[in-house]
Amino acid sequence: DSISSALRRADAVLVSDYDKGLVTRDIAQAAIRAAGEKGIVSSANPKPRTLTHFERASAITLNQQEAATASGIEIDGVARLEKAGRKLLASTQCAGLLITRGAAGLSVFQASGDVAHIPAVESEVYDVAGAGDTVVSALTMALASGLDLVNAAAIANCAGGAVVRKVGVAVTTVDEILDLFNST
């Protein structure tokens, strides 16, 4: 009831799960179902152990190590990355999966079977703390604004690239994201 009530004012649902026990499968599925009924984006940034809680989400983000753990596939190159991504996409039945790969950029897997690899934004990395949260947040906002998954991922990539240039858990601005987007 609380989720449904909150969605009356929402343009998207983002569940960031740190696997601390708060986000149960029932809660995650209630949020995804309610978002679907309202016709809005549902995204998740789960830990490997709770990945299946987020079946049928609009988009799921994982980092490469989390994707390797969740898929049971050691990711040591693009071919194995794509195998892992396709396996995770099939097992979650989500519309899209984004795997962040640090200096290698990120990869986008779509239910249609399309895969896109987006290079990292070149930068001197100071601190990666909070980068994953920034990526899923920017991705969700871009999807809620009507962008397709690949273009939303490109914006998310720039947002993540902006925050890793700062020390500590940091935020970025629209201007910083736009500057990076226009320079790629």
Side-chain angles (χ1 to χ4, degrees), residues 3 12-36 41-120 125 127-144 149-150 152-157 159-161 163-164 169-170:
I3 291 169
V13 172
L14 188 164
V15 182
S16 191
D17 182 17
Y18 292 91
D19 193 18
K20 302 294 184 192
L22 177 67
V23 181
T24 65
R25 179 176 179 74
D26 288 344
I27 290 171
Q29 284 299 299
I32 291 166
R33 256 190 323 276
V41 171
S42 60
S43 62
N45 185 24
K47 294 297 182 193
R49 196 173 76 78
T50 62
L51 180 63
T52 58
H53 291 11
F54 301 94
E55 292 171 342
R56 294 183 178 80
S58 303
I60 293 175
T61 65
L62 297 168
N63 66 38
Q64 184 169 304
Q65 183 56 51
E66 291 168 335
T69 299
S71 67
I73 297 170
E74 180 183 344
I75 299 173
D76 57 4
V78 174
R80 292 180 66 83
L81 168 75
E82 290 185 2
K83 182 177 180 180
R86 287 188 174 101
K87 179 179 179 179
L88 293 170
L89 191 66
S91 70
T92 60
Q93 300 174 28
C94 63
L97 171 71
L98 188 146
I99 299 175
T100 59
R101 302 171 52 218
L106 54 84
S107 298
V108 181
F109 299 84
Q110 298 181 74
S112 65
D114 292 340
V115 178
H117 301 289
I118 299 171
V125 175
D127 197 336
V128 298
D133 293 324
T134 300
V135 167
V136 71
S137 298
L139 178 76
T140 304
M141 288 184 7
L143 290 170
L149 186 60
V150 173
I155 288 173
N157 187 43
V163 299
V164 299
V169 177

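Keep in mind that what you see is a predicted model, and the values were worked out from it rather than measured. Position 1 is the first residue of the sequence, and the numbers go up from there.
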Residue of the set Asp133, Asn45, Thr100 for which side chain to side chain donor-acceptor pair (under 3.5 Å) holds with Thr61: Asn45
When rounded to the nearest 0.5 angstrom, what distance separates [atom1] in [X] from [atom2] in [Y]?
{"X": "Ile27", "Y": "Leu22", "atom1": "CD1", "atom2": "CG", "answer": "5.5 Å"}
{"X": "Glu74", "Y": "Gln65", "atom1": "CD", "atom2": "CD", "answer": "9.5 Å"}
{"X": "Ser58", "Y": "Ile32", "atom1": "OG", "atom2": "CD1", "answer": "8.0 Å"}
{"X": "Leu81", "Y": "Asp76", "atom1": "CG", "atom2": "CG", "answer": "10.0 Å"}

Indicate the atoms forming the closest heavy-atom contact of [X] with [Y], along with that distance.
{"X": "Ala144", "Y": "Val41", "result": "N-CG2, 3.9 Å"}
{"X": "Leu139", "Y": "Ala156", "result": "N-CB, 3.7 Å"}
{"X": "Ala35", "Y": "Val13", "result": "CB-CG2, 3.9 Å"}
{"X": "Leu14", "Y": "Ser137", "result": "CD1-CA, 3.7 Å"}
{"X": "Val135", "Y": "Gly160", "result": "CG2-CA, 3.9 Å"}
{"X": "Ala34", "Y": "Ile3", "result": "CB-CG2, 4.2 Å"}

Side-chain contact, heavy-atom cut-off 4.5 Å: [X] with [Y]?
{"X": "Cys94", "Y": "Glu55", "answer": "no"}
{"X": "Leu98", "Y": "Ser107", "answer": "no"}
{"X": "Phe109", "Y": "Asp114", "answer": "no"}
{"X": "His53", "Y": "Asp19", "answer": "no"}
{"X": "Val136", "Y": "Ser43", "answer": "yes"}
{"X": "Arg25", "Y": "Thr52", "answer": "yes"}
{"X": "Val115", "Y": "His117", "answer": "yes"}

Any donor and acceptor pair, going by atom type alone, linking the side chain of [X] with main-chain N or O of [Y] inside 3.5 Å?
{"X": "Thr50", "Y": "Pro46", "result": "no"}
{"X": "Ser42", "Y": "Ala57", "result": "no"}
{"X": "Asn157", "Y": "Pro119", "result": "yes"}

Whether over 12 other heavy atoms sit under 6.0 Å from Arg80 CZ: yes
Working for side chain to side chain contact (heavy atoms under 4.5 Å, CB included), residues Leu89 and Ile60: CA-CA 9 Å; Leu89 191 66; Ile60 293 175; over 6 Å; no
N-O pairing of Glu66 and Lys47 below 4.0 Å: yes
Contacts of type side chain to side chain contact (heavy atoms under 4.5 Å, CB included), residue Ala67, not counting sequence neighbours: Leu62, Ile75, Leu88, Ile99
Arg101 and Val78: CA distance, side-chain angles, deciding distance, side chain to side chain contact (heavy atoms under 4.5 Å, CB included) verdict: CA-CA 11 Å; Arg101 302 171 52 218; Val78 174; 4.3 Å; yes
Pair Leu97-Thr92, side chain to side chain contact (heavy atoms under 4.5 Å, CB included): steps then yes or no: CA-CA 9 Å; Leu97 171 71; Thr92 60; 6.0 Å; no
